[in-house]
Amino acid sequence: MKGLQAGDTVALITPAGPVAPELLDRAVSALEGWDLTVKRFGPAGNRHPSLRYLADTDERRAAGFQAAWLDPAVSAVISARGGYGTQRLLDLIDWDALRAAGPKIFTGASDVTALHQAISAHLGLSTLFSPMPGGELWDEVSAGHLHRVLFDPAAPVVVHAKEALVPGDARGTTVGGNLSLLAASVGTPEHRAPAGAIAILEDVTEHAYRLDRMLTQLLRAGWFARVTGIVLGSWTGCGDLETVRTVMLDRLAPLGVPILWEAGFGHLPGSVTIPLGVPAAIERVSLSCGR
């Protein structure tokens, strides 16, 4: 992945939920503060005429993402925020045209996991599971980490976890993102984990039994079959954290692979950026990407 340089142009898109005007303006200001030129694409700042939880119609949101990727001046496509609706775009995108346009940097998290999966499956590119500048949790720490990864992608990203639920070392290619979106992709063309994958998982405002159900669905669908390690991020609003921890152990420990707990990414302040689709290693209680 080629890093950004001062003066580069980046695209700001809203592929899922709407963004409040003040948060969208803040996102633009933050990126411009990095000496980047920001272009807004598609429905940035809009709402769907009847489904108010969407930024705009599927067609307009898909067209915005596609136009951003096809613009030869754009070096990176940056998701302003998540919400809901990204999966609705995937069948409306001309992936052959995007492949012909060549690689771009892509960032986002949460619901945008659907686009991470699609870019990996259809274009074979690595992406950045990152905090989003139009989201409520954007702060100085998360911004600083994303900036470092964007401008110096060759530097290893090291993420320290609170503990190892299952100890051990592992190597593999990072894959994953938001657990809800991964479970919702079962049966789609994008539902796959490569052999030798290190799975990155997080979620927000899901009860423990729902997390159990999602993990069970992915286990039964074979998504974890070739995973060499698992790194768990934040579970904000998912109830008692000790119960969530118990669910993770119950469902995932039988896989017999190393599992790290509370690795500082996802829906929390100061979230780190994790590259997806890159070589990585679990050693003790840390994940090192780019190794």
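Because the structure is predicted, anything quoted here is derived from the model rather than measured. Position 1 is the first residue of the sequence, and the numbers go up from there.
- Put simply, the side chain of Ile230 reaches to within 4.5 Å of the side chain of Phe224, judged on heavy atoms.
- With values rounded to the nearest 0.5 angstrom, Leu150 atom CG is found 12.5 Å from Gln5 atom CD.
- In this structure, Ile78 and Leu31 have side chains that are in contact, with non-hydrogen atoms separated by less than 4.5 Å.
- Atom-to-atom distance recorded for Leu179:CG and Leu218:CG is 6.0 Å, nearest 0.5 angstrom.
- Looking at His267 and Ser234, their side chains never bring a donor and an acceptor atom within 3.5 Å of each other.
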Do Met132 and Thr107 pass the side chain to side chain contact (heavy atoms under 4.5 Å, CB included) test, and can you show the C-alpha distance, the side-chain angles, and the key distance before you say yes or no? CA-CA 8 Å; Met132 295 172 285; Thr107 78; 6.0 Å; no
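- Proximity of Cys289 to Thr174: side-chain heavy atoms (C-beta onward) are separated by under 4.5 Å at one or more points.
- More than 12 non-hydrogen atoms from other residues, nucleotides or ligands lie less than 6.0 angstrom from CZ of Arg99.
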For Leu260 and Leu165, what are the C-alpha separation, side-chain angles and deciding distance, and is it a side chain to side chain contact (heavy atoms under 4.5 Å, CB included)? CA-CA 6 Å; Leu260 301 186; Leu165 296 185; over 6 Å; no
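- No side-chain heavy atom of Val74 sits less than 4.5 Å from a side-chain heavy atom of Val10.
- Not a single donor-acceptor pair under 3.5 Å links the side chain of Trp95 to the backbone N or O of Ala118.
- Linking Ile, Leu, Val, Met, Phe, Trp and Tyr residues whenever their side-chain heavy atoms come within less than 4.5 Å places Leu128 and Val38 in a single cluster.
- Looking at Asp152, its side chain never comes within 3.5 Å of a backbone N or O of Val149 through a donor-acceptor pair.
- What you find for Ala68 and Ile13 is that their closest heavy atoms are CB-CG2, 4.0 Å.
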Would you please test Thr14 and Phe41 for side chain to side chain contact (heavy atoms under 4.5 Å, CB included) and show each step? CA-CA 8 Å; Thr14 50; Phe41 279 83; over 6 Å; no
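- Note that CG of Leu181 is 9.0 Å distant from OH of Tyr84, once rounded to the nearest 0.5 Å.
- For the pair His116 (side chain) and Gly108 (backbone), a donor-acceptor distance under 3.5 Å is present.
- With contacts defined as side-chain heavy-atom distances shorter than 4.5 Å, the pair Pro131/Thr273 qualifies.
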Carefully, step by step, assess His48 and Thr57 under the rule side chain to side chain donor-acceptor pair (under 3.5 Å). CA-CA 5 Å; His48 190 286; Thr57 64; over 6 Å; no
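- Residues Glu206 and Ser180 bring a donor and an acceptor atom of their side chains to less than 3.5 Å of each other.
- Note: the hydrophobic cluster containing Phe265 also contains Trp138 (ILVMFWY, side chain heavy atoms under 4.5 Å, direct or indirect links).
- Between Leu115 atom CG and Trp69 atom CH2 the span is 9.0 Å, to the nearest 0.5 Å.
- Side chains of Asn178 and Glu202: a donor-acceptor N/O pair is present below 3.5 angstrom, by distance only.
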If you apply the rule side chain to side chain contact (heavy atoms under 4.5 Å, CB included), what do you find for His145 with Val141, and how did you get there? CA-CA 6 Å; His145 198 270; Val141 175; 5.9 Å; no
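- Ring-plane geometry between His207 and Tyr209 is classed as parallel, the angle between the planes falling under 30 degrees on a 0 to 90 degree scale with a further cut at 60.
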Worked verdict on Arg245 versus Glu163 for salt bridge (charged side-chain N to carboxylate O under 4.0 Å, His left out): CA-CA 11 Å; Arg245 183 180 183 277; Glu163 65 172 308; 3.1 Å; yes
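- Heavy-atom neighbours of Glu140 CD from other residues, nucleotides or ligands within 6.0 Å: at or below the threshold of 12.
- Ring-plane geometry between His147 and Trp34 is classed as perpendicular, the angle between the planes exceeding 60 degrees on a 0 to 90 degree scale with a lower cut at 30.
- For the pair Val28/Leu12, a side-chain contact is recorded, criterion being any heavy-atom separation below 4.5 Å from C-beta on.
- Counted within 6.0 Å of CD on Glu59, heavy atoms from surrounding residues, nucleotides or ligands total more than 12; the atom is thus considered enclosed.
- In the hydrophobic clustering of this structure, Leu211 does not group with Val204; members are Ile, Leu, Val, Met, Phe, Trp, Tyr whose side-chain heavy atoms approach within less than 4.5 Å, directly or through other members.
- Atom CG in Leu232 sits 9.0 Å away from atom CD1 in Ile200 (nearest 0.5 Å).
- For the atom pair CD1 (Ile93) and CZ (Arg61), the distance works out to 10.0 Å, reported to the nearest 0.5 Å.
- Sparse packing is recorded around CG of Asp91, with 12 or fewer heavy atoms of other residues, nucleotides or ligands lying under 6.0 Å away.
- Taking hydrophobic clusters as Ile, Leu, Val, Met, Phe, Trp and Tyr residues chained together by side-chain heavy-atom distances below 4.5 Å, Leu241 shares a cluster with Val247.
- Using a cut-off of 4.0 Å between Lys/Arg side-chain N and Asp/Glu carboxylate O, Asp58 and Arg88 are scored as salt-bridged.
- The hydrophobic cluster containing Ile259 also contains Trp223, counting ILVMFWY residues as joined when their side-chain heavy atoms lie under 4.5 angstrom apart, directly or transitively.
- Nearest heavy atom pair, residue Ala80 against residue Val19, reads CB-CG2, 4.0 Å.
- Side chains of Asp212 and Thr216: a donor-acceptor N/O pair is present below 3.5 angstrom, by distance only.
- The shortest distance between side-chain heavy atoms of Pro15 and Ser79 falls below 4.5 Å.
- Of all heavy-atom pairs spanning Ala55 and Gly17, the tightest one is CB-O, 3.6 Å.
- For Ser126 (side chain) and Val278 (main-chain N/O), no donor-acceptor pair under 3.5 Å exists by modelled atom type.
- A donor-acceptor contact shorter than 3.5 Å links the side chain of Thr228 to the backbone of Arg171.
- The minimum heavy-atom distance linking Met214 with Ala183 is given by the pair CB-CB, 3.9 Å.
- Looking only at distances, no side-chain donor or acceptor of Arg284 sits under 3.5 Å from a matching main-chain atom of Gly168.
- Side chains of Gln117 and Leu182 form a contact here, defined as non-hydrogen atoms less than 4.5 Å apart.
- The environment of Arg220 atom CZ is sparse: at most 12 non-hydrogen atoms of other residues, nucleotides or ligands sit within 6.0 angstrom.
- Looking at every heavy atom in both residues, Asp111 comes nearest to Gly83 through CB-O, 3.5 Å.
- Closest non-hydrogen pair, Ala221 versus Val186, comes out as CB-CG1, 3.9 Å.
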Using salt bridge (charged side-chain N to carboxylate O under 4.0 Å, His left out), reason through Asp71 and Lys104 one step at a time and then give a plain yes or no. CA-CA 10 Å; Asp71 188 330; Lys104 308 269 185 183; over 6 Å; no
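- By the 4.0 Å N-to-carboxylate-O rule, Arg47 lies too far from Asp56 to be salt-bridged with it.
- Listed for the Thr188 side chain is a donor-acceptor partner under 3.5 Å among the backbone atoms of Ser185.
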